[in-house]
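These numbers come from a predicted model, not from an experiment.
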Amino acid sequence: MKRLTRVGILLLITGISFLSVTFIRSASTVSHNNSFMTIPPKSWIIITSMGSYFLPPQEIRLSIEANSTIDVYILNSEGSKLWEENGEIKSIGEFKNIKQGIFYLRIDKRGEHEILVYNHSNSSTSGKIITTIYGLETDLLYFSSAVTALGLIVLLASLIRKKAKNTYKRLT
């Protein structure tokens, strides 16, 4: 019985710790500045700072500026693979015919992501895309909430069991 109580307390403390870290992480934002130079006319490029982004399930803000009209696609690892193998676009977010603007997107699943850009114009273009990641990481929130709830359930079960055992002893 003491062991079950200890396990419940340990799970509860661990879950609350994870919840605290999740909220602390959500208070900070991460930004990446990706400048692109000379995208040839009517062509595609993949814009990333170091290979691909490993993005958590959070909100993302894209600040886009270009010298001419472009299309911007956000690809997850599945979409990147399709693009590399077949030239097929399966994006989780797309922003078409833009020169400048701020756009918002929700990343639902943790993993690698890339930014694909298409230059519409008949001349080379350059510009920049600033990505800002913010908000709660939902997968960490769900995990830490589940651990906290499990700890609370185990702790309450051990206390109910202890109380029932003490009541039974008094009756006999």
Side-chain angles (χ1 to χ4, degrees), residues 1-34 46-64 71-85 88-96 98 101-117 128-172:
M1 203 165 355
K2 287 182 183 181
R3 186 179 302 178
L4 191 60
T5 304
R6 286 183 189 145
V7 168
I9 290 171
L10 183 63
L11 284 171
L12 189 62
I13 291 171
T14 302
I16 290 170
S17 298
F18 280 140
L19 273 172
S20 300
V21 169
T22 300
F23 283 108
I24 290 169
R25 284 175 59 104
S26 72
S28 64
T29 59
V30 177
S31 292
H32 301 278
N33 185 355
N34 296 295
I46 292 179
I47 306 286
T48 53
S49 56
M50 288 186 262
S52 59
Y53 292 113
F54 188 78
L55 298 177
Q58 286 183 295
E59 304 294 327
I60 184 171
R61 187 185 84 188
L62 298 163
S63 175
I64 302 169
D71 290 346
V72 176
Y73 302 90
I74 310 300
L75 308 175
N76 59 14
S77 57
E78 198 178 284
S80 295
K81 187 182 256 185
L82 273 174
W83 169 252
E84 290 172 10
E85 292 174 357
E88 181 183 335
I89 297 176
K90 182 182 176 190
S91 67
I92 59 168
E94 52 188 60
F95 311 99
K96 294 185 173 187
I98 54 173
I102 296 176
F103 305 92
Y104 297 89
L105 176 69
R106 170 93 186 132
I107 303 295
D108 292 323
K109 186 178 175 187
R110 187 176 297 268
E112 293 185 2
H113 295 75
E114 293 182 323
I115 300 173
L116 179 65
V117 179
K128 67 180 175 179
I129 299 174
I130 300 171
T131 58
T132 305
I133 304 162
Y134 62 96
L136 283 171
E137 294 175 69
T138 52
D139 60 345
L140 292 180
L141 181 63
Y142 295 146
F143 174 75
S144 55
S145 297
V147 171
T148 303
L150 181 62
L152 191 58
I153 289 168
V154 169
L155 183 60
L156 289 174
S158 77
L159 294 175
I160 290 169
R161 185 175 170 196
K162 182 179 180 181
K163 186 174 182 176
K165 189 175 183 181
N166 289 340
T167 304
Y168 177 73
K169 282 182 182 180
R170 275 190 250 143
L171 292 174
T172 56

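Ile133 has its side chain out of reach of Glu59: every pair of non-hydrogen atoms, C-beta onward, lies at least 4.5 Å apart. By the 4.5 Å heavy-atom criterion applied to side chains, Leu75 and Glu112 are not counted as neighbours. Val154 has its side chain within reach of Leu4: a pair of non-hydrogen atoms, C-beta onward, lies under 4.5 Å apart. For the pair Phe18/Leu140, no side-chain contact is recorded, criterion being any heavy-atom separation below 4.5 Å from C-beta on. Contact check for Ile60 versus Tyr134: no side-chain heavy atoms found under the 4.5 Å cut-off. Using a 4.5 Å heavy-atom cutoff, the side chains of Leu62 and Phe95 are in contact. Counting heavy atoms from C-beta outward, Ile130 and Lys128 have side chains that approach closer than 4.5 Å. In this structure, the side chains of Leu116 and Val72 stay at 4.5 Å or more apart for every pair of heavy atoms.
Residues meeting the side-chain contact (heavy atoms from CB on, under 4.5 Å) test with Asn76, sequence neighbours left out: Glu78, Ile92, His113. Residues passing the side-chain contact (heavy atoms from CB on, under 4.5 Å) test with Leu141, sequence neighbours excluded: Leu19, Thr22, Phe23, Leu136, Ser145.
Residues Thr29 and Thr132 bring no donor and acceptor atom of their side chains to less than 3.5 Å of each other. Glu114 and Ser80 share a donor-acceptor pair across their side chains, judged by distance under 3.5 Å alone.
With salt bridges taken as basic N to acidic carboxylate O contacts below 4.0 Å, none links Glu88 and Lys90. Here Asp71 does not pair with Lys96 in a salt bridge; the nearest charged N to carboxylate O distance is not below 4.0 Å.
Rounding to the nearest 0.5 Å places OG1 of Thr131 at 11.5 Å from CD1 of Ile47. Going from atom CG of Leu152 over to atom CD1 of Ile16 covers 8.5 Å, rounded to the nearest 0.5 Å. Between the CD1 atom in Ile46 and the CD1 atom in Ile115 there is a gap of 10.5 Å [rounded to 0.5 Å]. Note: Gln58 CD to Asp139 CG = 9.0 Å, rounded to the nearest 0.5 Å.
Checked against Leu11 for a side chain to side chain contact (heavy atoms under 4.5 Å, CB included), the options Ile13, Val7, Thr14 give a single hit: Val7.
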message: What verdict does the side-chain contact (heavy atoms from CB on, under 4.5 Å) test give for Leu82 and Ile89, after you've listed the backbone C-alpha separation in whole Å, the side-chain angles of each residue and the deciding distance to 0.1 Å?
response: CA-CA 7 Å; Leu82 273 174; Ile89 297 176; over 6 Å; no
task: Tell me, with the steps shown, if Arg106 and Thr138 meet side chain to side chain donor-acceptor pair (under 3.5 Å).
output: CA-CA 11 Å; Arg106 170 93 186 132; Thr138 52; 3.1 Å; yes
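In terms of heavy atoms, Gly15 sits closest to Thr148 at C-OG1, 2.9 Å.
Atom CZ of Arg110 has more than 12 neighbouring heavy atoms from other residues, nucleotides or ligands inside a 6.0 Å radius.
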